[in-house]
Number of protein chains: 2
Amino acid sequence: MPYTYEHPHPAVTVDGVVFGYDEADLKVLLIQREQTPYRSRWALPGGFVGIDEGLEDAARRELEEETGITRLYLEQLYTFGAPKRDPRERIISVAYYALVKLADHAVRAASDAKNVAWFPVADFPSLAFDHEEILDVALRRLKAKIRYEPIGFELLPEKFPLSELQRLYETIIEQPLDKRNFRKKILSMGLLADTEEIQQDVAHRAARLYRFDEPAYRRLKKAGFNFEL
Amino acid sequence: MPYTYEHPHPAVTVDGVVFGYDEADLKVLLIQREQTPYRSRWALPGGFVGIDEGLEDAARRELEEETGITRLYLEQLYTFGAPKRDPRERIISVAYYALVKLADHAVRAASDAKNVAWFPVADFPSLAFDHEEILDVALRRLKAKIRYEPIGFELLPEKFPLSELQRLYETIIEQPLDKRNFRKKILSMGLLADTEEIQQDVAHRAARLYRFDEPAYRRLKKAGFNFEL
DNA sequence: TCAAAAGTGTTAACCATACACCCATGC
DNA sequence: GCATGGGTGTATGGTTAACACTTTTGA
């Protein structure tokens with residue numbers, strides 16, 4: 001049961017910053033802690049890395065265990081290791097950030113036994129440990145990355161109208177975009193496939209639905225194409 | 001002496017990818033291992049993180065201990081934690097990359113007791129552990145980052161002619177640049193201060209020497225300026 | 001006087017921006 | 001018929017890209 005080493009070893013955890021988006025807001029998934037320290041504070045989902053477990057594997061496992069979310073875009077963010085970041089012992093945390101299609105996951109997370117909830121990134125409670133710093137780094141990464149990698153689609157449903165894509169971008173980069181220029185640019189890239197479907201049950205003219213054309217993106221990328229804004 | 005934990009803990013190390021540049025090549029600093037495993041193989045400098053030591057502190061300490069290099073640009077790169085990356089025990093490595101002004105450091109590293117040497121990144125020996133992968137990630141990061149952050153100057157001497165800066169960029173991004181356009185662009189940014197000095201001991205017309213104007217950069221950045229290429 | 005690199009401007013193509021109205025639909 | 005958002009084109013200014021010759025210096 002006890003594990004002994006000649007030199008002291010830190011503990012290693014993974015923490016996940018899970019972003020979701022609904023028509024109004026960019027949101028982040030938080031869990032309310034049940035144990036000390038920071039009991040009842042909200043925190044990023046995460047946990048210890050198994051001794052024979054890869055880092056990304058650990059991140060996926062923790063997210064699935066704690067939130068039920070299973071298929072998501074996941075990328076390593078940064079490693080946080082300030083000596084006193086956890087009051088119990090030295091814990092080094094490898095942080096990941098994830099993008100999920102909120103519509104598909106909102107219910108499961110909310111109905112879980114644990115206290116799990118989505119908070120708007122513009123308005124969230126005080127967090128445990130250094131998790132506010134981690135969230136801040138994740139947000140900055142997302143803002144920067146969404147401009148030069150087509151990852152925005154990971155936050156939208158499979159099929160979406162252009163206006164929703166535009167709103168997503170406007171929300172994340174925090175500035176308005178010109179509708180005509182946005183459409184011109186994004187359509188001219190050849191990354192969107194017209195699904196030939198339109199919105200249902202809207203109280204106005206229904207918009208065409210597009211989907212992200214992954215194979216086309218791969219082809220273009222190989223040919224030297226660079227996504228931008 | 002022995003340290004005991006209820007659950008198994010991985011060891012945590014830092015490894016450093018130190019880049020330097022001379023008029024011909026982008027180079028990386030390697031150390032020849034004296035112990036098993038991978039005895040006598042070349043490897044990235046690095047070592048264990050002290051239990052009360054910050055990650056970046058550990059990286060700086062290791063680089064100083066192993067190579068004598070003390071003032072450098074240092075940034076966290078990525079964390080590598082595949083379960084079998086070290087044959088002895090589970091070791092998670094937080095990798096950093098560093099940029100140094102080679103001219104100032106070439107001698108010290110080479111004259112150290114340990115077997116330390118600079119290798120061109122285009123032609124280096126087989127490396128220990130997963131260090132080739134780490135180097136590869138570092139190179140890609142450098143190539144990407146040098147285009148949108150003015151970090152190239154960290155690789156040049158304090159004072160340099162424009163042609164040297166251009167050669168540096170051409171070397172790192174691996175494509176030729178037009179001389180007139182390069183000068184126009186870089187000078188129009190207002191980041192270079194004319195030192196009013198010129199090259200000495202050259203067998204042709206001596207070039208003006210510039211230096212990177214750090215305060216000017218900070219001012220511009222605050223005003224929303226974005227360095228690019 | 002030759003070799004080697006420094007230094008310098010103009011033009012054309014392209015791209016980003018700004019901007020306003022009509023259309024389709026459901027209520 | 002009205003409210004709501006969908007969908008569309010053009011003109012201008014700025015930015016990038018292509019391109020070649022003269023100057024300076026030391027050997």
Side-chain angles (χ1 to χ4, degrees), chain A residues 21-24 146-148 150 156-157 159-171 173-211 220 223-229, chain B residues 21-24 146-148 150 156-157 159-171 173-211 220 223-229:
Chain A
Y21 174 78
D22 64 24
E23 292 91 57
I146 204 169
R147 305 194 77 125
Y148 61 88
L156 293 179
K159 298 167 185 174
F160 52 85
L162 286 185
S163 58
E164 210 174 319
L165 184 64
Q166 184 179 344
R167 256 197 303 278
L168 168 68
Y169 272 85
E170 289 176 329
T171 303
I173 68 182
E174 294 179 292
Q175 51 177 299
L177 300 170
D178 179 85
K179 182 164 63 157
R180 278 175 290 190
N181 293 337
F182 180 81
R183 288 168 164 258
K184 222 182 311 167
K185 187 153 191 181
I186 204 93
L187 286 175
S188 73
M189 288 179 182
L191 295 179
L192 295 187
D194 188 339
T195 63
E196 315 260 306
E197 292 172 58
I198 57 170
Q199 286 179 313
Q200 301 298 323
D201 306 314
V202 286
H204 52 77
R205 176 173 176 184
R208 301 174 95 82
L209 298 177
Y210 292 85
R211 68 181 166 72
L220 285 165
F225 164 82
N226 255 343
F227 181 86
E228 210 184 315
L229 213 162
Chain B
Y21 174 78
D22 64 24
E23 293 89 57
I146 204 168
R147 303 194 79 126
Y148 61 90
L156 292 179
K159 299 166 184 175
F160 52 86
L162 286 185
S163 58
E164 212 173 316
L165 184 63
Q166 184 180 344
R167 257 198 302 280
L168 168 68
Y169 271 85
E170 290 176 328
T171 303
I173 68 182
E174 294 180 291
Q175 52 178 299
L177 299 170
D178 178 84
K179 182 163 65 156
R180 279 174 289 189
N181 293 338
F182 180 81
R183 289 169 163 258
K184 223 182 309 166
K185 187 154 190 179
I186 204 95
L187 287 175
S188 72
M189 288 181 183
L191 295 179
L192 295 187
D194 188 339
T195 64
E196 315 261 306
E197 292 173 60
I198 57 170
Q199 286 179 312
Q200 301 297 323
D201 306 314
V202 286
H204 52 78
R205 175 172 176 183
R208 301 174 95 81
L209 297 178
Y210 292 86
R211 68 181 167 72
L220 286 165
F225 164 83
N226 255 344
F227 181 86
E228 209 184 315
L229 213 163

Within 6.0 Å of CZ in A:Arg208, more than 12 heavy atoms from elsewhere: no

Length of the line joining B:Arg180:CZ and C:dT11:P, which is rounded to integer Å: 13 Å

Integer-rounded Å distance: D:dC19 C1' and B:Leu177 CG: 15 Å

Given DNA chain D, 5'-ward residue of the pair A:Ala207 and A:Asp178, judged by closest heavy atom: A:Ala207

Exceeds 12 heavy-atom contacts within 6.0 angstrom, atom CD of A:Glu228: no

Expected output: side-chain B:Tyr21 to main-chain B:Leu168 donor-acceptor under 3.5 Å: yes

C:dA5 OP1/OP2 closer than 4.0 Å to side-chain N/O of B:Ser163: no

Between D:dG9 (P) and A:Lys179 (NZ): distance, integer Å: 13 Å

Protein-nucleotide distance (B:Phe182, atom CZ; C:dA5, atom P), rounded to Å: 17 Å

Presence of donor-acceptor pair under 3.5 Å, side chain of B:Lys184 and base of C:dT10: yes

Whole angstrom value for the distance that separates P of D:dG6 from CD of A:Gln200: 15 Å

Interatomic distance where CZ belongs to B:Arg205 and C1' belongs to D:dT24 [whole Å]: 5 Å

Test side chain to side chain donor-acceptor pair (under 3.5 Å) applied to B:Asn181 and B:Lys185, B:Lys184, B:Arg183, the passing residue: B:Lys184

Along DNA chain D (nearest heavy atom to each residue), the more 5'-positioned of A:Ala206 and A:Asn181: A:Ala206

Touch class at under 4.0 angstrom, heavy-atom based, for A:Lys185 against every strand present: sugar-phosphate

Whole-Å gap separating P (D:dT8) and CD (A:Gln166): 14 Å

Candidates C:dT17, C:dT25, D:dT25 - which lies nearest the side chain of B:His204: D:dT25

Nearest-Å distance for atom pair CZ/P, residues B:Arg208 and D:dT23: 17 Å

Minimum-distance pair of heavy atoms, taken over all atoms of B:Leu192 and B:Tyr210: CB-CD2, 4.0 Å

Touch class at under 4.0 angstrom, heavy-atom based, for B:Arg183 against every strand present: base

